[in-house]
Amino acid sequence: MSSFAGRMKEYPNISLDCFDRDNLHARAYFLSHCHKDHMRGIKGPKLKRRLRSSSRVKLYCSPVSKELLLSSRKHLFWEQYIVPLELESPTQISLVDEASGESEELVVTLLPAGHCPGSVMFLFEGRRGNVLYTGDFRLALGDVARMEHLHSGGRVKDIQSVYVDSTFFDPRFYQIPSRETCVSAIVRLVGDWIARSALHVVWLNCKAAYGYEYLFTRLGQEFNTRVHVDNLLMFRRMPEILSYVTCERRTQIHACRHRKSQQYVHGNRLPCACGTGADLRVLSIKPSTMWFGERTHASDVVIKSGNDAFRACFSFHSSYCEVKDFLSYLQPVQVFPNVVPMGSTLAEVTRMLRMTCRKRPRDDLAYKPLGLLKRRRRLATLTTAPPDDPDSDDDLFDGLAAALPKKLPRTSRHHPDEHRAPRAAPQATPHTAPHATPEENSLWLVARDRSDINNFMDCTESNDDDDSEEDEQSDRDQTKWLGQRGSPCGEPPKWEDFFTVDSQNNLNGQRQARRPFSPALSGPSSEREDDDDDVADFSLSLSASDHSWQKRDASEADEPPPSSQSSSDFDVACTPDSKRPTPEQLARLYRKLADGDDLSCPD
DNA sequence: GCGATCAGCT
DNA sequence: CACAGCTGATCGC
């Protein structure tokens with residue numbers, strides 16, 4: 001649970017994920033995602049008064065968070081103040097003091113956080129330095145190295161402070177099995193059960209929150225069915241989810257809830273009281289976080305907890321290892337915890353976070369911008385000497401090979417000075433995303449047919465905020481509406497799709513492959529670990545594979561990071577057939593680099 | 001009556 | 001295996 005008080009010391013004029021007390025005076029608000037513990041005070045009367053008396057104060061969030069927030073009637077008053085921002089699209093915001101007219105400029109970039117639908121991290125760049133607020137996040141090892149907007153000129157940006165999700169930043173929570181591992185295990189468990197007979201049903205005992213959607217859709221896709229949930233309203237403009245959930249009770253997979261869910265299920269009845277109960281066999285699966293120590297083999301991601309009852313591993317938050325990887329890569333000057341882990345103290349978590357901070361000032365002047373050179377040289381070598389481990393390298397280098405004749409796909413779309421000359425934030429216009437059509441902007445927000453949406457709104461309105469007895473008529477209406485849309489459709493969305501809105505996505509899900517941003521190629525710690533000849537080590541960094549990286553990280557967990565970043569950028573692991581360049585070759589390469597020639601062509 | 005806070009529960 | 005959030009009691013405005 002977040003205990004972040006809402007303000008960052010570098011930019012105290014803005015408030016994040018907190019809307020009461022001192023935050024009532026913020027010049028702008030930011031919402032990382034729509035969990036209640038990040039929305040404290042968001043519907044308070046004092047805040048409403050503040051909004052009404054202000055002509056400038058806005059709430060910035062992802063387009064998905066906007067939809068989720070406005071799916072509750074209690075939050076509708078926010079509509080005219082919300083400015084949805086696309087992910088990975090730097091936006092300039094003017095923070096104006098309405099009394100004095102004084103203004104401060106700030107550039108904000110939303111980055112995917114992998115926590116729940118719509119969840120983002122905020123990168124702020126302004127007069128007081130670069131600051132990253134993570135909100136809650138679940139990022140895998142190596143993910144941070146692929147985030148373009150955390151890099152500049154081929155290296156990681158100089159980050160002053162990170163306000164980090166420290167929920168599991170405690171060595172007890174050393175590793176948590178990957179999302180894919182956990183979901184696959186749940187799919188197997190569900191599949192084995194519901195195959196027994198049509199009367200065998202599964203109840204997913206999910207906590208009330210967004211975040212399980214990719215599990216629902218995966219199950220829906222695997223078993224060509226829909227998951228029964230209490231309310232569809234919040235997904236009304238998210239067809240990728242809507243296709244796999246239903247208010248129709250007659251399905252074998254349920255994630256519905258009732259105040260007395262536990263009692264129902266113990267009595268072999270579903271919370272929705274589907275059927276008489278006597279003839280159903282209900283398997284209860286409770287998604288819960290499981291963690292494993294540094295040397296524990298994380299094999300059992302599903303545990304039997306009783307008759308027809310299981311716990312299955314499922315985490316919305318990054319493990320200790322993942323947070324450590326994230327921070328060690330960014331090397332901020334300071335880190336602040338947003339959460340005190342269970343059983344720990346603020347002092348303890350702060351002390352441990354400090355260990356991930358920068359040990360000495362960055363020496364940017366000594367830096368030679370050879371990140372691209374490394375990569376190109378490595379690639380040129382690979383064209384004649386493929387790596388031993390295709391799984392680790394192929395995927396990454398395929399993308400680069402395709403990109404090589406041109407510039408990097410993403411960077412080529414932007415002006416090099418984009419960060420210095422970001423676009424200005426638009427004025428808030430309800431239901432209008434800035435600078436692009438909804439189709440261009442968001443996989444989520446596209447309503448295939450506006451009349452369908454209106455129709456849907458009409459028939460689901462009665463369920464909004466209604467926690468009393470079930471509404472049979474509403475159930476039927478929703479089912480009818482969904483029936484008109486047909487059965488679960490097409491290509492299944494991937495889990496990433498539920499957490500991010502990539503502006504490059506198009507409607508058909510023909511997502512541009514998410515190519516690694518160049519620093520990823522030197523691995524999470526390569527700038528600090530210059531291991532000349534260890535090809536395997538370099539490949540592990542490249543693979544970003546949970547398994548391989550965990551093994552490596554586990555063996556080095558307690559070692560202090562090497563102090564030197566000063567070794568040559570050519571001190572890169574070589575493939576077996578390659579040779580270390582001679583000084584003459586180096587000079588030629590430098591000249592080519594300066595001339596902007598294609599470095600992938602061998603001399 | 002409403003909001004804030006906390007304990008208890010799942 | 002510990003997240004997120006609901007419910008109810010209590011207190012104050």
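The model shown is predicted, which means the values in this text are computed figures rather than measured ones. Every chain is numbered from 1, with letters handed out A, B, ... down the list of sequences. Keep in mind that the numbers below use all heavy atoms, side chains included, and drop hydrogens, waters and symmetry copies.
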Could you check if a side-chain atom of A:Tyr60 sits within less than 4.5 angstrom of a side-chain atom of A:Val108, using non-hydrogen atoms only? no
Looking only at side-chain N and O atoms, does A:Arg21 come under 4.0 Å of OP1 or OP2 in B:dT5? yes
Separation of C:dC3 C1' from A:Met39 CE (nearest whole Å): 16 Å
Let's go through A:Ser32 and A:Asp17 carefully: what are the C-alpha distance in whole Å and the side-chain angles of both, what is the deciding distance for side chain to side chain donor-acceptor pair (under 3.5 Å) to 0.1 Å, and is it a yes or a no? CA-CA 6 Å; A:Ser32 69; A:Asp17 288 353; 2.6 Å; yes
Under 4.0 Å between a side-chain N/O of A:His33 and OP1 or OP2 of C:dA4, yes or no? no
Measure the acute angle between the ring planes of A:Trp78 and A:Tyr29, then classify it against the limits of 30° and 60° as parallel, tilted or perpendicular. perpendicular
Pairwise side-chain contact, A:Cys116 with A:His35, heavy-atom cut-off 4.5 Å (strictly under): yes
A:Tyr210 OH to C:dG5 C1': how many Å, rounded? 12 Å
Proximity to the side chain of A:Trp291 - top-ranked nucleotide from C:dC3, C:dG5, C:dC1: C:dC1
Roughly how many Å is it from CZ in A:Phe169 to C1' in C:dA2, rounded to a whole number? 18 Å
How many whole angstroms separate atom CG of A:Asp37 from atom C1' of B:dA4? 17 Å
Distance, rounded to the nearest Å, where A:Gln175 contributes CD and C:dC1 contributes C1': 14 Å
Check every strand shown and say whether A:Phe314 touches a base, only sugar-phosphate, or nothing at a heavy-atom separation below 4.0 Å. nothing
A:Arg172 side-chain proximity, nearest of C:dC3, C:dA2, C:dA4: C:dA2
Atom NZ of A:Lys43 and atom NE2 of A:His75: how far apart are they, to the nearest 0.5 Å? 6.0 Å
OG of A:Ser161 to CE of A:Met8: how many Å apart, nearest 0.5 Å? 8.5 Å
Minimum-distance nucleotide to A:Met1 side chain [options: C:dA4, C:dC1, C:dA2]: C:dA4
Separation of C:dC3 atom P from A:His35 atom NE2, nearest Å, is 12 Å
Nearest-0.5 Å distance, CZ of residue A:Phe137 to OG of residue A:Ser318: 4.5 Å
Name the residue closer to the 5' end of DNA chain C, choosing between A:Thr289 and A:Phe316 according to the nucleotide with the nearest heavy atom. A:Thr289
What nucleotide, of C:dA2, C:dC1, C:dG5, holds the atom closest to the side chain of A:Met342? C:dA2
Distances under 3.5 Å between nitrogen or oxygen atoms of protein and nucleotides 6-10 of chain B:
{"residue": "B:dT10", "atom": "O3'", "partner": "A:Gln262", "partner atom": "OE1", "Å": "2.7"}
{"residue": "B:dT10", "atom": "O2", "partner": "A:Lys207", "partner atom": "NZ", "Å": "2.9"}

For C:dA2, does either OP1 or OP2 sit under 4.0 Å from a side-chain N or O belonging to A:His317? no
Side-chain contact check for A:Lys36: nearest option of C:dC1, C:dC6, C:dA4 is C:dC6
With the side chain defined as heavy atoms from C-beta on, A:Pro45 is closest, among C:dC1, C:dG5, B:dG3, to B:dG3
Output the rounded distance in Å from CG (A:Leu204) to C1' (C:dC3). 16 Å
With a cut-off of less than 4.0 Å, is there a side-chain N or O of A:Ser288 near OP1 or OP2 of C:dA2? yes
Give the rounded distance in Å between these two atoms: CZ of A:Arg138 and P of C:dA2. 15 Å
Establish, yes or no, whether a centroid distance under 6.0 Å links the rings of A:Phe314 and A:Tyr214. yes
Counting only side-chain heavy atoms from C-beta out, which of C:dG5, C:dC3, C:dA2 sits nearest to A:Arg311? C:dA2
